[in-house]
2 protein chains.
Amino acid sequence: MRAITSPRVENISIGELSKLSGVNIETIRYYERIKMLPAPPRTATGRRVYGPAEKRTLAFIRRSRDLGFTLEEIRTLLDLGGPERASCADVHKIASAHLAKVRGKLSDLAKLEAILAETVAGCSDGTAPDCPVLDILDAGRQSD
Amino acid sequence: MRAITSPRVENISIGELSKLSGVNIETIRYYERIKMLPAPPRTATGRRVYGPAEKRTLAFIRRSRDLGFTLEEIRTLLDLGGPERASCADVHKIASAHLAKVRGKLSDLAKLEAILAETVAGCSDGTAPDCPVLDILDAGRQSD
DNA sequence: CATGCATCCTGTAGCGACTACAGGATCAAG
DNA sequence: CTTGATCCTGTAGTCGCTACAGGATGCATG
């Protein structure tokens with residue numbers, strides 16, 4: 001979609017795009033290679049030229065990555081939001097499955113935090129003669 | 001003299017070790033390759049024979065991995081717990097650094113959960129005409 | 001003793017999501 | 001015109017496994 005009403009066509013280099021989006025240059029090229037991002041037009045000398053559309057897409061990808069979606073999931077999301085603007089239900093399915101995964105991870109991590117905190121506390125400043133941290137890690141499974 | 005009744009010298013195969021420890025056979029061999037585990041003795045025909053020591057070490061590794069330590073960290077922990085039984089302070093440093101990382105991840109994940117939950121809720125059953133999930137992902141960065 | 005199946009062996013390649021080069025080409029400023 | 005920043009392609013490395021391929025043993029049964 002070429003911006004008809006948009007006055008200036010904002011042409012930016014990959015370096016600028018990288019700075020603007022917070023995505024590594026190498027990663028942007030990587031996204032292009034694996035077809036997460038469409039290949040942009042080039043200058044006569046072969047440099048990539050990006051416009052607002054790519055900027056938007058990249059921001060979408062980045063945000064979704066931050067939220068822990070895999071590239072595969074994001075690809076699907078992008079497709080769902082594409083020309084067809086298909087079923088919101090599909091999007092909902094992906095997002096809520098992902099939410100479930102996140103919640104699982106969250107509770108695992110919370111448990112882990114508790115154990116670790118306890119472990120570390122047992123050896124508060126390293127003056128203990130035998131290190132309880134190692135013992136706890138060692139004896140995690142009591143029945144050995 | 002093979003162990004008949006009481007396994008005084010507990011000699012086990014890699015398969016048994018795998019079952020006992022819950023670590024994949026391939027992974028055990030991988031650990032050996034990258035020197036996380038010492039190479040065990042072999043039978044005349046080249047099969048690995050493990051004893052209680054390896055079992056212990058593997059359990060230690062496994063538990064530490066479950067707690068999210070990297071193999072590199074675990075390697076250090078194993079060294080620290082080795083013949084020298086060196087400074088508990090070092091162990092404490094590693095463990096608490098790791099705890100800090102875990103806490104960071106935990107809070108990130110909690111924020112993420114909140115955003116995702118909200119996002120998903122906005123599209124509770126996919127009957128909305130335009131999908132709010134995509135819009136939210138899209139518009140995460142308001143200033144674009 | 002032969003058969004057959006489970007288990008083991010080595011070695012290599014693949015995964016996801018990047019990251020880090022090497023070895024050039026081009027651009028913008030002084 | 002020279003310098004240094006930026007860009008290009010292509011390949012290989014990272015982490016922590018996992019999955020083969022293609023073969024060699026081990027053990028129970030007929």
Side-chain angles (χ1 to χ4, degrees), chain A residues 11-37 39-50 54 57-58 60-78 94 98 101-102 105 108 112, chain B residues 2-4 11-37 39-50 54 57-78 94 98 101-102 105 108 112:
Chain A
N11 287 328
I12 56 174
S13 71
I14 195 170
E16 287 168 305
L17 182 63
S18 171
K19 260 165 221 151
L20 284 171
S21 64
V23 176
N24 213 313
I25 288 184
E26 320 266 42
T27 306
I28 295 174
R29 286 198 285 247
Y30 166 72
Y31 284 165
E32 181 180 328
R33 208 161 57 239
I34 64 167
K35 274 150 201 176
M36 286 296 300
L37 281 178
R42 305 281 188 122
T43 65
T45 53
R47 300 195 167 198
R48 289 170 180 83
V49 180
Y50 294 98
E54 284 93 345
T57 306
L58 191 55
F60 183 94
I61 294 173
R62 169 132 217 231
R63 178 152 176 86
S64 303
R65 285 292 299 131
D66 283 350
L67 293 180
F69 288 93
T70 65
L71 288 179
E72 215 37 63
E73 287 168 335
I74 297 169
R75 217 192 288 269
T76 310
L77 288 176
L78 283 170
I94 294 173
H98 182 59
K101 271 191 290 175
V102 165
K105 243 190 264 175
D108 285 355
L112 196 157
Chain B
R2 295 287 156 83
I4 300 169
N11 287 327
I12 55 173
S13 70
I14 196 170
E16 287 167 305
L17 183 61
S18 170
K19 260 166 219 150
L20 285 171
S21 63
V23 176
N24 214 310
I25 289 184
E26 320 267 43
T27 305
I28 296 174
R29 286 198 285 248
Y30 166 72
Y31 284 165
E32 182 181 328
R33 208 162 57 240
I34 64 167
K35 274 150 201 174
M36 285 296 300
L37 281 178
R42 305 281 188 121
T43 66
T45 52
R47 300 194 168 197
R48 292 171 179 83
V49 180
Y50 296 97
E54 285 93 345
T57 306
L58 192 56
F60 182 94
I61 295 172
R62 208 218 154 165
R63 179 153 174 85
S64 304
R65 285 291 300 133
D66 283 351
L67 293 180
F69 287 92
T70 66
L71 290 179
E72 214 38 63
E73 287 167 333
I74 297 169
R75 216 192 288 270
T76 309
L77 289 175
L78 283 171
I94 294 173
H98 182 60
K101 270 191 291 176
V102 166
K105 242 191 265 175
D108 284 357
L112 196 158

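The sequence lines fix the lettering, A, B, ..., with proteins before strands; numbering per chain opens at 1. Note that the coordinates shown come from a computational prediction; the quantities given were computed from them, not determined experimentally.
Arg48(A) has its CZ atom 15 Å from the P atom of dT26(C), to the nearest Å. Computed from coordinates, the Asp66(A) CG to dC18(C) C1' distance equals 14 Å when rounded to whole Å. When rounded to the nearest whole Å, the span between NZ of Lys101(B) and P of dC15(D) equals 13 Å. Between Ile61(B) atom CD1 and dG16(D) atom C1' the separation is 13 Å, expressed in whole Å. Atom pair Glu32(B):CD and dC9(C):C1' shows a separation of 11 Å (rounding to whole Å applied). In this structure, CD1 of Ile34(B) is placed 17 Å from P of dG13(D), rounded to the nearest angstrom. In this entry the distance linking CD1 of Ile14(B) with C1' of dT10(C) reads 12 Å, nearest Å. Whole-Å rounding puts the Phe69(B) CZ to dC17(D) C1' distance at 20 Å.
Comment: Glu72(B) engages Arg75(B) in a salt bridge, judged by a side-chain N to carboxylate O separation of less than 4.0 angstrom.
You'll find that the side chain of Arg47(A) is closest to dT6(D), out of dG16(D), dT6(D), dT25(D). Closest to the side chain of Thr27(B), out of dT9(D), dC17(D), dG26(D), is dC17(D). The side chain of Tyr30(B) lies closest to dG16(D) when the candidates are dT6(D), dT25(D), dG16(D). When each of dT18(D), dC18(C), dC8(D) is scored by its nearest atom to the side-chain atoms of Arg65(A), the top-ranked nucleotide is dC18(C). Looking at the side chain of Asn24(B), the nearest of the listed nucleotides dT18(D), dT25(D), dC27(C) is dT18(D). Closest to the Arg42(B) side chain, of the nucleotides dT26(C), dT10(C), dC17(D), is dT10(C). Residue Arg29(A) has its side chain nearest to dC7(D) when only dC7(D), dC8(C), dT6(D) are considered. When the nucleotides dA17(C), dT9(D), dA19(D) are ranked by their closest atom to the side chain of Glu26(B), dA19(D) comes out on top.
Proximity of Ile61(B) to Val23(B): side-chain heavy atoms (C-beta onward) are nowhere separated by under 4.5 Å. Side chains of Pro40(B) and Glu54(B) form a contact here, defined as non-hydrogen atoms less than 4.5 Å apart. Looking at heavy atoms from C-beta onward, His98(B) lies in side-chain contact with Lys101(B) at the 4.5 angstrom threshold.
For the pair Tyr31(A) and Thr45(A), both in contact range of DNA chain C, the more 5′-proximal nearest nucleotide belongs to Tyr31(A). Between Arg33(B) and Glu16(B), the one whose closest nucleotide on DNA chain C sits nearer the 5' end is Glu16(B).
Heavy atoms only, all atoms of each residue included: Glu16(A) and Ile12(A) are closest at OE1-CA, 3.5 Å.
Counting non-hydrogen atoms under 4.0 angstrom, Ile25(B) reaches the backbone sugars and phosphates but no base. In this structure, Thr43(B) reaches neither bases nor backbone, as no heavy-atom distance under 4.0 Å exists between it and the strands shown.
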